[in-house]
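A quick write-up on the structure given underneath.
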Amino acid sequence: MDYRELVRDNVKHVRARMAAAALRAGRDPAEIELVAVSKTFPASAILAALDCGLHDFGENRPEEGSPKIAEVIAENTQAKPVWHMIGHIQRRKARLVAADFDMVHSLDRLILAERLSRLCVESGRVIPVLLECNISGEAAKFGYPLWGWEHDATVLMAFFKEVEALLALPGLQVVGLMTVAPLAGDAGAESVRPVFSGLRMLREVLRTRYPDTMWQHLSMGMSDDFEIAIEEGATLVRIGRAIFGTRA
Ligand SMILES: *Cc1c(COP(=O)(O)O)cnc(C)c1O
């Protein structure tokens with residue numbers, strides 16, 4: 001099968017599973033956006049996905065994503081893809097993010113936020129951002145340390161302090177939260193559900209405390225766990241392998 005046909009099939013299948021998960025949870029499937037994670041795949045894969053009706057793409061490294069973005073928009077001048085930065089951002093790469101990306105899912109520290117804000121103000125734009133939260137406590141994860149927030153007020157207070165500083169930055173618009181669940185492995189996909197429900201409950205706390213901010217997005221769910229994430233309230237799912245195939 002031609003690669004484009006494979007992607008088309010995969011997208012159809014993923015969308016059907018997304019819709020079924022939404023309906024199981026009594027949600028409108030239209031309120032969930034599919035972000036196709038194209039990291040490690042070439043620009044040609046993104047062009048194929050654009051042909052299949054996808055428009056939101058996620059990259060995790062600015063130095064890989066930015067040249068690919070340039071390539072894609074040079075090849076397809078009609079399409080208006082939306083570019084999501086979903087990976088850890090080194091401070092010296094903030095300029096690429098501010099220049100090329102439409103949304104950041106992986107904001108995880110104030111020093112980076114300040115730099116990103118300054119760069120966006122300089123170019124006269126405001127970039128929507130999600131705060132990456134480490135809910136599971138896995139050491140290998142990036143994100144604000146929030147495991148155990150339900151019963152540890154000091155964890156929550158430290159996060160509130162950070163949130164207040166972030167909400168004051170003129171070049172950023174905080175629109176929600178993001179998390180990466182641990183690999184379920186033998187424990188089975190269901191084992192990650194508390195991570196997703198934890199992020200949703202944390203959003204309720206933030207909504208109450210900071211009601212002037214919408215907190216509309218929960219970015220959670222990847223190829224192996226997106227259905228559970230949708231059942232728990234995801235508004236953005238980040239899916240790579242289930243669309244583009246196994247990564248090398
Ligand atoms: C790679 C990646 C994804 C997509 O993972 P798949 O398993 O390919 O669906 C989602 N989110 C982040 C942050 C990633 O780095």
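Small disclaimer: the values here were computed from a predicted structure and weren't measured. Start at 1 and go down the list; that is how both ligands and their atoms are numbered. Starting from 1, each residue takes its place in the sequence as its number.
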inquiry  = Against E63, only a single residue in R95, K39, R92, K93 fulfils salt bridge (charged side-chain N to carboxylate O under 4.0 Å, His left out); can you say which?
reply    = K93
note = The remaining residues in the hydrophobic cluster of L119, counting side-chain heavy-atom contacts under 4.5 Å among Ile, Leu, Val, Met, Phe, Trp and Tyr, are none
Can you list every pair where an N/O of ligand 1 is under 3.5 Å from an N/O on the protein?
unit_1	atom_1	unit_2	atom_2	d
ligand 1	7 (O)	R241	NE	2.9
ligand 1	7 (O)	R241	NH2	2.8
ligand 1	8 (O)	R241	N	2.9
ligand 1	8 (O)	R241	NE	3.4
ligand 1	8 (O)	R247	NH1	2.7
ligand 1	8 (O)	R247	NH2	3.0
ligand 1	9 (O)	S223	N	3.0
ligand 1	9 (O)	S223	OG	2.6
ligand 1	9 (O)	G240	N	2.8
ligand 1	11 (N)	R238	NE	2.8
ligand 1	15 (O)	K39	NZ	2.7

task = If a pair satisfies salt bridge (charged side-chain N to carboxylate O under 4.0 Å, His left out) and one of its residues is in residues 135-145, list it, with sequence neighbours excluded.
result = E138-K141
request  = Measure from the ring center of W83 to the ring center of F57 and say whether it is less than 6.0 Å.
outcome  = yes
key: Side-chain ion pair, E64 and K68, N-O less than 4.0 Å   = yes
task = Taking side chain to side chain contact (heavy atoms under 4.5 Å, CB included) as the test, write out the residues that go with D56, two or more places apart.
result = E33, V35, V82, H84
